[in-house]
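Scroll down for the structure; my scribbles are underneath it.
Numbers restart at 1 for each chain; the letters A, B, ... are given by sequence-line order, proteins then strands.
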2 protein chains.
Amino acid sequence: MPAEASFESSVGFLLSQLGVLATRSWVGVLAERDLTPHHHRILLTLHTAGPLGATALADIVLIDPRNMGPVVAPLERRGLIQRGDDPADRRRRVISLTPAGTEAAAELAAATSRIEDELLAPLTPDERDALRSHLRLLWQKAKAP
Amino acid sequence: MPAEASFESSVGFLLSQLGVLATRSWVGVLAERDLTPHHHRILLTLHTAGPLGATALADIVLIDPRNMGPVVAPLERRGLIQRGDDPADRRRRVISLTPAGTEAAAELAAATSRIEDELLAPLTPDERDALRSHLRLLWQKAKAP
DNA sequence: TATTGTTATACTCTATAACTATA
DNA sequence: TATAGTTATAGAGTATAACAATA
């Protein structure tokens, strides 16, 4: 009876489980650099999207804006990011990567393919491409509904 | 330069983000029933896999076994699960659904398709099937490496 | 009035250490 | 000695309330 199909056929269940596993696959690499998964996503987001306001950045990395302070503070203290003023809108505090932050982000990006290969080992190259494009489509639609 | 490709092409990044979104898509339905995402996964896992020991169950739902007590206690108190002894191995405490728990799990499973449809709206039926099978494959391999 | 950003604080979830009971 | 399970507790992460500054 397919109506009683296993929870393993629920995409939502699989996404939440694999999301945890994907995050865990990074903990070792991040711990060596004294970074958290939040820091990872912030650095890579700024690296590819460029400078962002606090709210916009929080929205992308799925952190509540009210928790941005404690998350971002260590990055600023270590000189990986900087917060500047926006002359056009003096409420905004534009967050951007410093040169050291750009270097750190590029180095993390370089580590991605190795970790990714391990995670995606069970899939063929074609299957990986299909999976990537499907996930990307879901994420882009989820961001801007 | 594709080596500098966007972080959006990282499957790990997409999985962790979509995992959060998939979990959030359930919070309303679960809150109405006074359940957490952990409870959700436990009920559905027991519903399809049958009775399990505490360690085996914790392993599947990716909860540290030491945190199972506080997670499982409310379910037991509300009569949705029960913990019994295993005559074959008196260390084990077998966790299983009560009739009320079975009913609750079935009801949650019924709500899945509606939530799933919303999440997967951007994809065609064929794409959904492909995504589901790829994710399932990754999860099964990740569980038993 | 709405938006951007922040602080203080309570709450939940997760991880570290150590222990009992059985195999 | 190894495994199943538990407790206590510290730490990381998340959510609720309230506020200041600017648009």
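Along DNA chain C, the nucleotide nearest to Pro65(A) and the one nearest to Arg91(B) differ in position, and the one closer to the 5' end is contacted by Pro65(A).
Residue-level contact check: Gly53(B) touches the backbone only, with heavy atoms under 4.0 Å from sugar-phosphate atoms and none from bases. Looking at heavy-atom distances under 4.0 Å, Arg24(B) makes no contact with the nucleic acid at all.
Distance from the side chain of Ala54(A) is smallest to dG5(C) among dG5(C), dT3(D), dT6(D).
Side-chain contact check for Ser25(A) and Glu118(A): no donor-acceptor pair (N or O, by modelled atom type) lies under 3.5 Å.
Rounding to the nearest 0.5 Å gives a distance of 6.5 Å between CG of Leu30(B) and CG of Leu108(B).
Summarising the geometry, the separation between CG on Asp89(B) and C1' on dT20(C) is reported as 15 Å, rounded to the nearest angstrom. Rounded to whole angstrom, the span from the CG atom of Asp85(B) across to the P atom of dG5(D) amounts to 11 Å. If you measure from atom CZ of Arg83(B) to atom C1' of dG5(D), you get 9 Å, rounded to the nearest angstrom. We find that CG of Leu30(B) is positioned 16 Å from P of dT12(C), with the value rounded to whole Å. The nearest whole Å value for the distance from the CD atom in Glu76(A) to the P atom in dG5(C) is 14 Å. Atom pair Met68(B):CE and dC13(C):P shows a separation of 13 Å (rounding to whole Å applied). Look at CG on Asp86(B): it is 19 Å from P on dA21(C), rounded to the nearest Å.
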Quick test: give all pairs of protein nitrogen or oxygen and nucleotides 8-14 of chain D nitrogen or oxygen below 3.5 Å, distance rounded to 0.1 Å.
from	atom 1	to	atom 2	distance (Å)
dT14(D)	OP2	His38(A)	NE2	2.5

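In this structure, the side chain of His39(A) engages the main chain of Val71(A) through a donor-acceptor pair within 3.5 Å. Under the 3.5 Å distance criterion, the side-chain polar atoms of Asp85(A) are left unmatched by any main-chain donor or acceptor of Pro87(A).
When each of Val20(B), Leu119(B), Leu14(B) is paired with Leu15(A), the side-chain contact (heavy atoms from CB on, under 4.5 Å) condition holds for Leu119(B) and for no other.
The aromatic rings of His40(A) and Trp26(A) lie tilted to each other, with the angle between the two planes from 30° to 60°.
For the pair Thr55(B) and dA4(D), the criterion of a side-chain N or O lying under 4.0 Å from OP1 or OP2 is not met. The shortest distance between the side-chain N/O atoms of Arg90(A) and the OP1/OP2 oxygens of dT22(D) is below 4.0 Å.
You'll find the side chain of Leu35(A) reaches within 4.5 Å of the side chain of Leu75(A), heavy atoms only.
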